[in-house]
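First listed ligand is number 1; within each ligand, the first listed atom is number 1.
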Amino acid sequence: MRKALITGITGQDGAYLAKFLVSKGYKVYGGYRRSSTRNFWRLHYLDVKKDIELIPLDLLDQTSIMSAIKYCEPDEIYNLAAQSFVGVSFDEAIATGEISGLGVTRILDSIRFINPKIKFYQASTSEMFGNAPQPQSEKTPFEPASPYAAAKLYGHWVNKNYREGYNMFTCSGILFNHESPIRGIEFVTKKITDGVARIKMGYNKELLLGNLEAKRDWGFAGDYVEAMWAMLQNDTPDDYVVATGESHSVREFCEEAFAVVGLDYKNYVKTDKRFFRPVDVNYLLGDPTKIKTTIGWGPKTSFKDLVKMMVLADVEKYENPMTHSQQFLKHI
Ligand code: NAP
Ligand code: F7E
């Protein structure tokens, strides 16, 4: 049985990837960092907690990484752990660099010393392109525009460096934004779909946002974790852009999301300067040609279906709060 270790198991992608690898017959180990509040709700939401083994692993702690690898003896490691919120990276630039940047080297060195044959996936990001010309592909020069993007770019380069320098099987997926019903509430898509549901229920009267003109290439997380796995199954390690090839503004996302419940976003959305960033990335549009042609991966979920899936899940959450809390309480 093949074994995989996923860091960042409590995050959005961790849960989707765990579900996917279990369905492929893997023994899955999920690395989590200790916190005062248990946060395995995403694993319950996808009903996968019972199928995996959780182990303590903090990217700030080299020893914890090494002992996790020694314990699991994985064939593949997926590094999904990061301080992943761009907005907060401006306030916590050093912590972001330590976790999302240096954390990658801590894992790579652990692999190098314990078993350099382990295949490694690094969660790189379209944020590394910043305001570079569209569409962005593997050939586009990087212009990171936040401490998060700079930290991720360091991780991206060091990953390539270990591939070339030590002949290790390391891949980076340069993933564009991907969302789902279990996306963190601080990200704009989930903030909007949750806001729509709250307005529909009569709990809120307005939704405060920042830059409505920013454009993103949004896909579905469930589709994107399949690309992570597919990269590691290829004969040679490489870096790939993972995107839909379609971009929409935050304003368009609002329009589509409010329309799902029959409302006009113009009556509810207001801008608030607290939600603007010191520097923003204005327009991301990925070119996924390389992964389509070499690996055969492509997105299955359209923008419209993604927005609808997220809005309906949030409406359901407020309409049936007992079902939701019972579902989670059952599994604590
Ligand atoms: P997420 O929901 O924010 O999850 C991040 C995970 O990292 C959480 O499990 C978090 O644990 C963990 N983590 C944070 N600091 C850690 C530390 N010091 N040690 C160990 N674990 C730590 O992010 P996501 O959306 O699933 O994204 C997965 C990865 O892909 C991230 O690396 C992100 O930067 C990258 N990425 C995401 C997107 C996207 O659109 N979603 C696009 C490109 C790249 P806690 O639950 O304890 O906080
Ligand atoms: O912002 C604008 C904001 O925080 C998208 C992470 O997963 O994807 C994500 O990073 C856009 C930005 O995602 C609000 O200014 C307007 O232009 O949802 P976001 P992000 O910054 O693109 C990349 C690929 C990652 O790698 C990251 O880990 O929306 N925006 N108003 C707002 N954004 C937020 N969060 N909140 C607002 O109120």
- Task: Output yes when the distance from some N or O of ligand 1 to some N or O of R183 is under 3.5 Å, and no in every other case.
- Result: yes
- Winner among H178, E127, R33, Q12 once heavy atoms are compared against atom 15 (N) of ligand 1: R33
- Query: Quick check: does any side chain N or O of D314 sit under 3.5 Å from a backbone N or O of D194, one acting as donor and the other as acceptor?
  - Reply: yes
- Give the contacting part of R277 toward ligand 2: side chain, backbone, both or neither, where contact means a heavy-atom distance below 4.0 Å. side chain
- Counting from 1 in the order shown, the ligand 1 atoms closer than 4.0 Å to a non-hydrogen atom of S84 are 1 (P), 3 (O), 23 (O), 33 (C), 34 (O)
- So, is the end of the K292 side chain (NZ or CZ) under 6.0 Å from the ring centre of W297 and within 45° of the ring's axis? no
- Message: Only heavy atoms of A123, strictly under 4.0 Å: list the atoms of ligand 1 that pass.
- Response: 29 (C), 30 (O), 32 (O), 35 (C)
- So, is F85 polar-close to ligand 2, with some N/O to N/O distance under 3.5 Å? no
- for atom 19 (N) of ligand 1, nearest protein heavy atom and its distance come out as L59 N, 2.9 Å
- Query: Heavy atom of R183 under 4.0 Å from ligand 2?
  - Reply: yes
- Message: Starting from atom 5 (C) of ligand 1, what is the nearest protein heavy atom, named by residue and atom, and what distance separates them?
- Response: A82 O, 3.7 Å
- Is it the side chain (CB and beyond), the backbone, both or neither of F85 that lies under 4.0 Å from ligand 1, heavy atoms counted? neither
- Of all the non-hydrogen atoms in the protein, which one sits nearest to atom 20 (C) of ligand 1, and at what distance? L57 O, 3.5 Å
- Message: Counting the benzene-type ring for Trp, do F220 and Y16 have ring centres under 6.0 Å apart?
- Response: yes
- Hey, does V250 come in under 3.5 Å of ligand 2, counting only N/O atoms on both sides? no
- Message: Would W218 count as a polar contact of ligand 2, with the cut-off being nitrogen or oxygen pairs under 3.5 Å?
- Response: no
- Taking the six-membered ring where the residue is Trp, are the ring centres of H248 and F303 under 6.0 Å apart? yes
- Query: How many angstroms lie between OG1 in T170 and CG in N159, if you round to the nearest 0.5 Å?
  - Reply: 4.0 Å
- Task: Tell me, please: is G87 in heavy-atom contact with ligand 2, that is, under 4.0 Å?
- Result: no
- Message: Quick test of your reading of the structure: of T10, V86, D13, whose heavy atom lies closest to atom 24 (P) of ligand 1?
- Response: D13
- Message: F187: which residues meet the ring pair (Phe, Tyr, Trp, His ring centres under 6.0 Å) condition with it, sequence neighbours left out?
- Response: F85
- Query: Do the side chain of S247 and the main chain of R216 share a donor and acceptor less than 3.5 angstrom apart?
  - Reply: yes
- Note on the structure: atom 36 (N) of ligand 1: closest protein heavy atom, distance to 0.1 Å, is Y148 OH, 3.9 Å
Could you list the donor-acceptor pairs under 3.5 angstrom formed between side-chain atoms of residues 304-312 and any protein atom two or more places apart in sequence or on another chain?
from: K304; atom 1: NZ; to: E256; atom 2: OE2; distance (Å): 3.0
from: D305; atom 1: OD2; to: S302; atom 2: OG; distance (Å): 3.3

- Message: Can you tell me which portion of S84 lies within the under-4.0 Å heavy-atom range of ligand 2? Options are side chain, backbone, both, or neither.
- Response: both
- Item | F40/Y32 aromatic ring centres below 6.0 Å | yes
- Message: Check contact between Y148 and ligand 2, using heavy atoms of the residue and a distance below 4.0 angstrom.
- Response: yes
